[in-house]
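Here the structure comes first, spelled out in structure tokens, and everything after it is commentary.
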Amino acid sequence: MTAPLPAPRPARIHAPAAEDANDAMTEVAAGTTIDHLTETYRAHYRSLLGLAALLLDDTASCEDVVQEAFIRVHSARTRVRDRDKTLAYLRQTVVNLSRSTLRRRILGLKLLSKPMPNMASAEEGAYEQLERADLIQAMRGLQRRQREVLVLRYFADMTEAEVAKALGISAGSVKAYGSRGIAALRVAMEAAR
């Protein structure tokens, strides 16, 4: 007599899902490696610094913001699934951190009983690369949202859709703020002449 055959094991229903999860993890890991993030940061450091400089007013804060953006994207790199979006995440983080820095400054100014000492001019640092001081002054005179749209659209070379996503507004609002910002710049540049 032969021994009875063991009962067949039930089929794994979730096996393909487990394989898909492994594939997704491989894709995430391949798209957001530390080496890729570091390479992107090094390659675009100057442009990220310039982006922060157009939103802030001193070099030290700009450098701090850009470095903090790298640290935050590095710690959240598992959420970046497409390696081509690494730079977009860095840019958006720079914009958000610049906003937070400005908010903290405004709050600090409100709480201070005495005026702050003169801070270094933005033109002494990161703004040295720009050829026209009049343009910088005109940009400072714009409304915050207009300035953000113009900086992202023309200095960071982002599309309207990317700007809309980065600022959390509609593409139509990007067009409106951009149009009004350019018109205000024209008026300010004419007055500076």
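- Taking the six-membered ring where tryptophan is involved, the planes of His74 and Phe70 are tilted, since the angle between them lies from 30° to 60°.
- With respect to Tyr177, the side-chain contact (heavy atoms from CB on, under 4.5 Å) criterion is satisfied by exactly one of Ile169, Ile182, Val163, Leu142: Ile169.
- Of all non-hydrogen atoms in Lys165 and Gln92, the two that sit nearest each other are O-NE2, 4.0 Å.
- If you take CE on Met139 and OH on Tyr154, they are separated by 11.0 Å, rounding to the nearest 0.5 Å.
- A 6.0 Å sphere centred on CZ of Arg186 holds no more than 12 heavy atoms belonging to other residues, nucleotides or ligands.
- Applying side-chain contact (heavy atoms from CB on, under 4.5 Å) to Leu48 and the options Thr93, Leu90, Val65 leaves one that passes, Leu90.
- Between the CG atom of Leu97 and the CG atom of Leu102 there is a distance of 11.0 Å, given to the nearest 0.5 Å.
- When each of Leu167, Val94, Leu55 is checked for a side-chain contact (heavy atoms from CB on, under 4.5 Å) with Arg99, only Leu167 meets the rule.
- Contact record, Ala166 with Asn96: O-OD1, 4.4 Å, taken as the closest heavy-atom pair.
- In terms of heavy-atom proximity, Ala164 sits nearest to Ala171 at CB-N, 3.9 Å.
- Smallest separation of non-hydrogen atoms from Ala156 and Leu51: CB-CD1, 4.2 Å.
- The only option from Leu150, Val149, Val151 that meets the side-chain contact (heavy atoms from CB on, under 4.5 Å) definition with Arg147 turns out to be Val151.
- Pairing each heavy atom of Ala138 with each of Leu185, the nearest pair is CB-CD2, 3.4 Å.
- Between the side chains of Arg145 and Ser173, not a single donor N or O lies within less than 3.5 Å of an accepting N or O.
- Screening residues 66-75 for salt bridge (charged side-chain N to carboxylate O under 4.0 Å, His left out), with sequence neighbours left out, gives Glu68-Arg72.
- Here the OG atom belonging to Ser47 is positioned 6.0 Å from the CG atom belonging to Leu87, to the nearest 0.5 angstrom.
- Taking CG of Leu49 as the reference point, atom SG of Cys62 lies at 5.5 Å (rounded to 0.5 Å).
- When every heavy atom of Ser61 is checked against every heavy atom of Arg105, the shortest pair comes out as OG-NH2, 2.6 Å.
- When the shell of 6.0 Å around CZ of Arg180 is examined, it contains 12 or fewer heavy atoms from other residues, nucleotides or ligands.
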